[in-house]
Novice: 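First the structure, which I've put down as structure tokens, then a few questions once you've had a look.
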Amino acid sequence: MKYYLIVGEASGDLHASHLMRSLKKEDPQADFRFFGGDLMSAEGGTQVRHYKDLAYMGFIPVLLHLPTIFRNLAFCKHDITGWQPDAVILVDYPGFNLKIAKFLHQQRVKRQKEHSAGKDPQVYYYISPKIWAWKEWRIRSIKRDVDRLFSILPFEVDFYEHKHHYPIHYVGNPTAHEVREFRQNYNETAAEFIERMNQIQIDLLAPRLRFRFDNRPVIALLAGSRKQEIKDNLPAMIEAATPYAEEYQLIVAGAPSIDDDYYAQYIEGKPVSMVKNETYALLSHATAALVTSGTATLETALFEVPQVVCYKTPVPRLIRFAFNHIIKCRFISLVNLIADREIVQELLADRFSVDNIRNELRRLMPGHDARTAMLFDYRDVRKQLGDDVAPDNAAQLMVRYLRGVTAQ
């Protein structure tokens with residue numbers, strides 16, 4: 001069968017690549033076409049757009065790139081119609097993907113009214129939109145336009161099924177599986193990791209970003225996968241962690257889609273170094289971490305690294321008002337959302353400052369009670385996520401439903 005996947009960022013590329021691998025096990029004739037990244041390309045099929053050409057965030061960047069966004073939407077609609085897949089699999093990225101789902105629903109209704117020939121793909125959503133936090137009204141379009149929704153967060157079952165009476169499938173959490181799989185197979189010592197970084201970074205990084213790593217313990221800086229996130233958060237992270245630079249190595253986890261030169265403007269002349277495509281290995285050896293909210297907060301918890309969540313926002317007081325009165329969730333980090341309580345400190349909006357980040361980081365260093373408490377509380381997060389292999393479960397369900405539709 002033919003599968004068309006749409007991904008808008010690095011974490012989606014990772015999750016979708018594993019889903020593709022699982023789909024091939026269930027459907028050996030699986031044929032893929034996708035908006036995605038390098039990890040998806042490694043699984044086979046045809047890449048028609050790279051996610052780095054889609055990843056705009058924030059009002060101004062989106063506004064400036066509207067012509068490109070509209071062109072990509074139009075191209076995607078045309079490409080799906082021409083290729084006629086059996087399933088369109090949407091992976092997070094709701095601003096774009098829900099428009100595609102609406103288009104496919106409209107095409108289906110039009111074809112039914114006109115009794116015209118052609119194939120209407122099933123629309124599957126893998127890694128559901130986080131409408132429980134913002135834009136809850138999108139549930140109307142999801143109910144109308146999405147045939148099956150596959151959730152990776154256990155608390156979403158109650159939100160979708162009990163509150164909105166829309167049945168979904170919780171398939172397990174892919175990040176939990178990915179981290180568990182990595183940790184089972186990763187045997188590198190800290191000294192071996194440092195030596196390997198010294199050997200390979202010459203080939204991986206631009207000349208102006210070549211570093212000499214040493215055997216000091218590590219504080220990891222995970223500033224996001226988009227340029228805007230890096231611009232907003234990395235300078236403050238570096239400044240907050242600089243007092244530890246004599247005792248610890250401050251190492252930035254570089255996002256694969258971001259050019260070295262972009263990082264250079266924030267890193268050059270600072271007591272920090274950087275690795276690329278080594279986030280899991282870096283977290284395996286980190287003593288503590290400063291993390292921008294997103295999948296990285298959950299990854300950091302699953303690697304049992306104490307963390308401070310840092311997220312700078314525009315108009316911070318307005319954002320704080322929105323959190324208190326408009327936004328429908330109490331937290332922004334997946335760690336706290338899954339636990340339904342505050343395990344990690346979230347320094348966003350008016351709480352985001354260099355002093356606050358530094359103070360929270362100090363509390364999480366070895367020998368402090370807050371560090372011990374956070375590591376203990378991480379166990380609840382792992383327990384809630386369970387041990388299911390999310391891509392395998394999702395692939396089994398998708399193929400089963402597709403075969404049922406085909407047999408009708």
Side-chain angles (χ1 to χ4, degrees), residues 11 128 130-136 151-159 162-163 170 173 175-176 179 219-224 229 232-233 236-237 240-241 283 286-386:
S11 62
S128 57
K130 298 173 180 62
I131 63 171
W132 34 263
W134 184 246
K135 299 182 180 179
E136 190 170 344
S151 166
I152 64 168
L153 297 171
F155 63 82
E156 289 184 332
V157 175
D158 182 69
F159 173 82
H162 297 160
K163 184 174 183 179
Y170 174 66
N173 187 274
T175 299
V179 171
I219 295 175
L221 309 181
L222 283 68
E229 291 175 327
D232 289 343
N233 296 287
M237 287 179 169
L283 287 173
T287 299
L290 302 179
V291 187
T292 295
S293 184
T295 305
T297 63
L298 180 57
E299 291 170 330
T300 303
L302 293 170
F303 274 99
E304 301 178 80
V305 179
Q307 64 182 298
V308 184
V309 175
C310 318
Y311 202 87
K312 186 177 181 179
T313 66
V315 288
R317 291 186 179 180
L318 181 61
I319 295 298
R320 177 59 58 193
F321 176 85
F323 255 88
N324 291 338
H325 301 284
I326 300 172
I327 297 175
K328 300 292 184 68
C329 65
R330 298 163 57 201
F331 307 111
I332 64 166
S333 69
L334 288 177
V335 177
N336 291 344
L337 285 164
I338 292 167
D340 196 29
R341 59 192 174 90
E342 187 176 72
I343 291 178
V344 301
Q345 283 292 313
E346 299 180 347
L347 303 181
L348 76 153
D350 57 334
R351 296 175 188 165
F352 180 95
S353 72
V354 170
D355 285 343
N356 285 347
I357 296 170
R358 185 177 295 152
N359 289 337
E360 288 303 323
L361 177 60
R362 177 184 54 80
R363 295 176 64 245
L364 298 180
M365 301 307 287
H368 289 77
D369 292 343
R371 175 185 181 87
T372 303
M374 187 176 294
L375 292 172
F376 181 84
D377 289 341
Y378 278 166
R379 299 187 305 178
D380 288 346
V381 177
R382 290 195 301 274
K383 182 178 179 180
Q384 293 224 31
L385 293 176

Novice: Are Y378 and V335 side-chain neighbours, meaning at least one heavy-atom pair lies under 4.5 Å?
Specialist: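 SC-SC contact between Y378 and V335 confirmed.
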Novice: Indicate yes or no: at least one non-hydrogen side-chain atom of R363 is less than 4.5 angstrom from one of N359.
Specialist: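 No. Closest side-chain heavy atoms not under 4.5 Å.
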Novice: Between L337 and W132, is there a side-chain heavy-atom distance shorter than 4.5 Å?
Specialist: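 Of all side-chain heavy-atom pairs linking L337 with W132, at least one is under 4.5 Å.
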Novice: Rounded to the nearest 0.5 Å, how far apart are CE of M237 and CG of D232?
Specialist: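 The CG atom of D232 is 10.5 Å from CE of M237, to the nearest 0.5 Å.
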Novice: Output yes when a side-chain donor or acceptor of N173 lies under 3.5 Å from a complementary backbone atom of I152, and no otherwise.
Specialist: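 Flag set: sc N173 to bb I152 pair under 3.5 Å.
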Novice: Quick check against the 3.5 Å criterion: does N356 have a side-chain atom that pairs as donor or acceptor with the backbone of L347?
Specialist: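 Not a single qualifying donor-acceptor pair exists.
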Novice: For V305 and L375, work out which heavy atoms get closest and say how close.
Specialist: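 For V305 and L375, the tightest heavy-atom pair comes out as N-CD2, 4.5 Å.
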Novice: Counting heavy atoms not belonging to D369, are there more than 12 under 6.0 Å from its CG?
Specialist: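 Check fails, neighbour count at 12 or below.
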Novice: One thing to verify: whether R351 and E360 come together as a salt bridge, which I'm taking to mean a side-chain N less than 4.0 angstrom from a carboxylate O.
Specialist: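 Between R351 and E360 there is no salt bridge, as every charged N stays at least 4.0 Å from the carboxylate O atoms.
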Novice: Assess whether side chain to side chain contact (heavy atoms under 4.5 Å, CB included) is satisfied between V344 and N336, documenting all intermediate values.
Specialist: CA-CA 7 Å; V344 301; N336 291 344; 3.6 Å; yes
Novice: Is there side-chain contact between L348 and V309, with heavy atoms separated by less than 4.5 Å?
Specialist: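 Counting from C-beta outward, L348 and V309 never come under 4.5 Å.
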Novice: Going through the checks in order, is the salt bridge (Lys or Arg N to Asp or Glu O under 4.0 Å) test met by K163 and E156?
Specialist: CA-CA 10 Å; K163 184 174 183 179; E156 289 184 332; over 6 Å; no
Novice: With a 4.5 Å heavy-atom cut-off, do V179 and E304 have their side chains touching?
Specialist: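 Answer no - side chains too far apart.
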Novice: For A236 and I357, work out which heavy atoms get closest and say how close.
Specialist: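 Residues A236 and I357, closest heavy atoms: CB-CD1, 4.3 Å.
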Novice: Considering only heavy atoms from C-beta outward, does the side chain of L385 approach that of L298 to under 4.5 Å?
Specialist: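 Side chain of L385 against side chain of L298, heavy atoms only: contact under 4.5 Å found.
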Novice: Is any side-chain heavy atom of L283 closer than 4.5 Å to a side-chain heavy atom of L302?
Specialist: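 They are not in contact (no side-chain heavy atoms under 4.5 Å apart), so the answer is no.
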Novice: Using every non-hydrogen atom in the two residues, find where Q384 and P154 come nearest and quote the distance to one decimal.
Specialist: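 Taking Q384 first and P154 second, the nearest heavy atoms are O-CG, 3.8 Å.
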Novice: With a 4.0 Å cut-off on N to O distance, would you call D377 and R341 a salt bridge?
Specialist: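 R341 and D377: salt-bridged.
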Novice: Side chain of H162, backbone of F159: donor and acceptor closer than 3.5 Å?
Specialist: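 Flag not set: sc H162 to bb F159 has no pair under 3.5 Å.
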Novice: Would a distance-only check, ignoring hydrogens and angles, find a side-chain to backbone donor-acceptor pair under 3.5 Å from E346 to S333?
Specialist: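 Yes.
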Novice: Kindly indicate whether the side chain of E299, heavy atoms from C-beta on, has any atom under 4.5 Å from the side chain of V291.
Specialist: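 Counting from C-beta outward, E299 and V291 never come under 4.5 Å.
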Novice: Over all heavy atoms of both residues, which pair between A241 and L290 is shortest? Give the atoms and the distance, please.
Specialist: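 Nearest heavy atoms, A241 then L290: CB-CD1, 4.3 Å.
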Novice: Shortest non-hydrogen contact from L364 to R371?
Specialist: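 Closest heavy-atom pair between L364 and R371: O-NH1, 2.9 Å.
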Novice: If you take all heavy atoms of L361 and A288, which pair is closest and at what distance?
Specialist: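 Result for this residue pair: CD1-CB, 4.0 Å.
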